[in-house]
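What follows is a set of notes on a single structure, which appears directly below.
From a predicted model like this one, the values you see are computed outputs, not experimental measurements.
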Amino acid sequence: MSRLLKYCLYLLLLLMTPLVIYVYLNIAPDKSVEELSQRWGHEPSQFLNIAGMNIHLRDEGPKTDNEPIVLIHGTSASLHTWNGWVDALKENRRVIRFDLPAFGLTGPDPKNNYRIERYAEVVIAVLDELKVKKVVLGGNSLGGHVSWATAVLYPNRISKLVLVDSSGYTFQLKSVPLAFQLAQHPLTRVLLKDVLPKSLVAVSVKNVYGNPDLVTDELVNRYYDLSLREGNRNALKARFEQMSPGFLVDKLKTINVPTLIIWGGKDQLILPKFGKQFNQDIANSHLVVFKDLGHVPHEEDPQATVLAVKLFLKGNKWKQSY
C-alpha cells in the first residue's frame, strides 16, 4: 500500500509540474494607469472626472458639430476599437468615445455597479460633462446594449442609433471566448487570479473575428495590456455576475429614432438572427449584414462598415447586405 501511495504521489507530481511551470510563466500582475497610458493613453486622450471615475475619453472632430457621434465599445474592449471609424468620420463630424467602467484605462466603478442602467447613466454623465444635449449613439456588443438602453431610458438625448452586433436579448452563446469562460468560473477565477497567458487573449480575440488571420500581434497586445489595468479583472468578474440579458427588451418597441443595425454574418458569439430580431423590434430601423465579418465588424473592416454609417447619417440606406 505504501509503495502504491508513493507511486500515485509521484505520478501526481509528474502531472502537476508542467501546470505549475505554465502558471509561473504566465503570471501577469496588474499594471498602473500611468504605465499603460504611455502607450494607450496618448493624445488625443484625456481623463475626465465623471461619475466618480477618471474616465478615459477621446473627443475629436469639429466642436461646432451640434449633434456628435458617440461610440461605445464592447466587453473587454476599449475606445481603440473604433480607430478606423473615427479616422473616417472626424474630418466632418465630432466623434466622442470613451472606455466604459471596468474596461480600458477607465477601470473599476467605485460603486461596483455594472448593470446596464448604470452604464446608461454614465453615458448621460459624459454628455452632461461635455455639455452635449443630443447625440448619434452607437455601440458594439455590450456597447450596443448600453446604446439602445440609453435610448429607452433617456430618449430625449438620442437622435439616431447605430447597433453593431448588439447584445441585449436572452440567448445561448454559440461560441464563447475562452477568456470569458474562465472569468465566469468560480474555481478558475481563484486559481488564475494573477495569471493571464497572452496566448489565451489571442485565442479569445480570434474567436470573435470572421477571419482570424486579421488578428495582429499589435491588436493582441492592446487587448492584453488593457486587461491588466489595475482592477479590471475583478471588475470583469463583477460585470459577468451582474449581467442581465433581456433587461429592457420589452421596451425596444418604444424606440422611434432612425436606427442602423450592422451585423457580421460570421458572428459566432451573437448570431445574425438577433440582428433580424432588432430589425423587427425597432420600427424605424435598417439592417446591413456583412457576410464575411464576425462579432466586431467595425474593427475587422472599418473602411467597408463605416460606409454604411456615412450613408445612414445622410438619410440613405444600403439596398442590400454584403
Exercise for review: Using atom types as modelled and distance alone, determine if a side-chain donor or acceptor of Thr106 lies under 3.5 Å from a backbone N or O of His56.
Suggested key: yes
Check your understanding: Are Leu269 and Leu200 grouped together when hydrophobic residues (ILVMFWY) are joined by side-chain heavy atoms under 4.5 angstrom apart?
Key -> yes
Review point. Are the side chains of Val162 and Trp85 in touch, meaning some heavy atoms are under 4.5 Å apart?
Key: yes
Review point. If we ignore angles and hydrogens, is there a donor and acceptor under 3.5 Å between the side chains of Glu299 and Thr81?
Key: yes
Review point. Would Val33 and Glu230 count as a side-chain contact (heavy atoms from CB on, under 4.5 Å) if you check the C-alpha gap in whole Å, the side-chain angles of each, and the deciding distance to 0.1 Å?
Key: CA-CA 7 Å; Val33 177; Glu230 51 193 355; 4.0 Å; yes
Check your understanding: Taking all non-hydrogen atoms of both residues, which atom of Val215 and which atom of Val220 are closest, and how far apart?
Key -> CG1-CG2, 3.6 Å
Review point. Do Arg239 and Asn234 meet the criterion of a side-chain donor-acceptor pair at a distance under 3.5 Å?
Key: no
Point to revise | Aromatic centroids of His80 and Trp40 separated by under 6.0 Å | key: yes
Practice item. First locate atom CG of Asp165, then atom CD1 of Ile262, and finally report the distance between them rounded to the nearest 0.5 Å. Key: 9.0 Å
Exercise for review: Start with the C-alpha gap between Glu91 and Lys310, add the side-chain angles, then the distance that decides, and say whether salt bridge (Lys or Arg N to Asp or Glu O under 4.0 Å) holds.
Suggested key: CA-CA 12 Å; Glu91 184 177 349; Lys310 287 183 171 182; over 6 Å; no
Review point. Are Ile261 and Ile72 joined in one hydrophobic group, where the rule is that I, L, V, M, F, W and Y side chains link up if heavy atoms are under 4.5 Å apart?
Key: yes
Review point. Would a 4.5 Å heavy-atom cut-off, applied to side chains only, mark Arg233 and Asp30 as touching?
Key: yes
Review point. Do you see a donor-acceptor pair shorter than 3.5 Å between the side chains of Ser285 and Asn279?
Key: yes
Revision key, fill the gap. Note: Gly144 and Ser166 closest approach over all heavy atoms is C-OG, 3.1 Å
Check your understanding: Hey, mind stepping through His73 and Trp82 against ring pair (Phe, Tyr, Trp, His ring centres under 6.0 Å) and telling me if it holds?
Key -> CA-CA 8 Å; His73 66 79; Trp82 301 107; 8.6 Å; no
Review point. Is it true that the side chains of Asp109 and Tyr119 contain a donor and an acceptor less than 3.5 Å apart?
Key: no
**Study point:** Hphob cluster co-occupancy, Val257 + Ile96, side-chain heavy atoms under 4.5 angstrom
**Key:** yes
Check your understanding: Taking Ser32 for the side chain and Glu35 for the main chain, is one N or O donor matched with an acceptor at less than 3.5 Å?
Key -> yes
Check your understanding: How far apart are the closest heavy atoms of Ala125 and Ala51, and which atoms are they?
Key -> CB-CB, 4.4 Å
Exercise for review: Say whether, by atom type as modelled, one donor and one acceptor occur between the side chain of Thr305 and the main chain of Gln303 under 3.5 angstrom.
Suggested key: no
Review point. CZ/Arg58 to CG/Asp99 distance, rounded to the nearest 0.5 angstrom?
Key: 8.5 Å
Practice item. Mind running side-chain contact (heavy atoms from CB on, under 4.5 Å) on Arg97 and Asn83 for me, showing each step along the way? Key: CA-CA 10 Å; Arg97 48 187 166 144; Asn83 284 346; 2.7 Å; yes
Point to revise | Lys/Arg N to Asp/Glu carboxylate O, Arg94 vs Asp59, below 4.0 Å | key: yes
Ignoring hydrogens and angles, write down the donor-acceptor pairs under 3.5 Å from the side chains of residues 150-159, residues two or more places apart or on other chains.
from: Thr150; atom 1: OG1; to: Val146; atom 2: O; distance (Å): 2.6
from: Arg157; atom 1: NE; to: Lys133; atom 2: O; distance (Å): 2.7
from: Arg157; atom 1: NH1; to: Asp128; atom 2: OD1; distance (Å): 3.1
from: Arg157; atom 1: NH2; to: Asp128; atom 2: OD1; distance (Å): 3.0
from: Arg157; atom 1: NH2; to: Val132; atom 2: O; distance (Å): 2.8
from: Ser159; atom 1: OG; to: Glu67; atom 2: OE1; distance (Å): 2.9
from: Ser159; atom 1: OG; to: Val135; atom 2: O; distance (Å): 3.2

Point to revise | Spacing of NE2 belonging to His286 relative to CZ belonging to Phe312, to within rounding of 0.5 Å | key: 9.5 Å
Check your understanding: What's the verdict on side-chain hydrogen bond (donor to acceptor under 3.5 Å, both in side chains) for Lys266 and Asn211, showing C-alpha distance, side-chain angles and the deciding distance?
Key -> CA-CA 9 Å; Lys266 290 186 176 180; Asn211 179 4; over 6 Å; no
Review point. Any sub-3.5 Å donor-acceptor pair from Asp301's side-chain atoms to Ala304's backbone N or O?
Key: yes
Review point. How long is the span from the OG atom in Ser167 to the NE2 atom in His295, to the nearest 0.5 Å?
Key: 7.0 Å
Point to revise | Derivation and outcome, side-chain contact (heavy atoms from CB on, under 4.5 Å), residues Val164 and Val296 | key: CA-CA 8 Å; Val164 184; Val296 285; over 6 Å; no
Study note, to complete from the structure: Val249 and Gly168 have their tightest heavy-atom pair at CG2-O, 3.3 Å
Review point. Can you tell me how far the CG atom of Asn112 sits from the CD atom of Gln242, to the nearest 0.5 Å?
Key: 5.5 Å
**Study point:** Check against side-chain contact (heavy atoms from CB on, under 4.5 Å), Thr254 and Lys251
**Key:** CA-CA 5 Å; Thr254 67; Lys251 304 293 185 185; 4.1 Å; yes
Exercise for review: May I ask you to test the Val122-Pro101 pair for a side-chain heavy-atom distance under 4.5 Å?
Suggested key: yes
Check your understanding: Does any N or O in the side chain of Asn221 come within less than 3.5 Å of the main-chain N or O of Asp217, such that one atom is a donor and the other an acceptor?
Key -> yes
Practice item. Answer yes or no: is there a side-chain heavy-atom contact under 4.5 Å between Trp148 and Leu248? Key: yes
Check your understanding: Can you find a pair of side-chain heavy atoms, one from Gln277 and one from Tyr169, that are under 4.5 Å apart?
Key -> yes
**Study point:** Qualifying residues under side-chain contact (heavy atoms from CB on, under 4.5 Å), relative to Leu313, sequence neighbours excluded
**Key:** Ile69, Leu89, Arg93, Val136, Lys160, Val309
Practice item. Could you grab the distance from atom CG of Leu105 to atom OG of Ser45, nearest 0.5 Å is fine? Key: 7.0 Å
Point to revise | Whether over 12 other heavy atoms sit under 6.0 Å from Asp250 CG | key: yes
**Study point:** side-chain contact (heavy atoms from CB on, under 4.5 Å) against Asn316, all qualifying residues, sequence neighbours excluded
**Key:** Leu311, Lys314
Practice item. Would you check if Met53 and Leu100 make a side-chain contact, meaning some heavy-atom pair closer than 4.5 Å? Key: no
Practice item. Decide whether Leu226 and Val86 are clustered together by the hydrophobic rule: side chain heavy atoms of Ile, Leu, Val, Met, Phe, Trp, Tyr closer than 4.5 Å, transitively. Key: no
Exercise for review: Report yes if the side chains of Leu293 and Trp263 come closer than 4.5 Å at any heavy-atom pair, otherwise no.
Suggested key: no
Revision key, fill the gap. Correct closest heavy-atom pair for Gly264 and Pro297 would be N-CG, 4.2 Å
Practice item. Would you confirm whether the ring centroid of Tyr114 sits within less than 6.0 angstrom of the ring centroid of Phe240? Key: no
Review point. Does any non-hydrogen side-chain atom of Asn256 lie less than 4.5 Å from one of Asn284?
Key: no
Exercise for review: Could you state whether Phe98 and Leu142 fall into the same hydrophobic cluster, counting links through intermediate Ile, Leu, Val, Met, Phe, Trp or Tyr residues with side-chain heavy atoms under 4.5 angstrom apart?
Suggested key: yes
Check your understanding: What is the minimum heavy-atom distance between Pro212 and Gly210, and which atoms define it?
Key -> CD-O, 3.6 Å
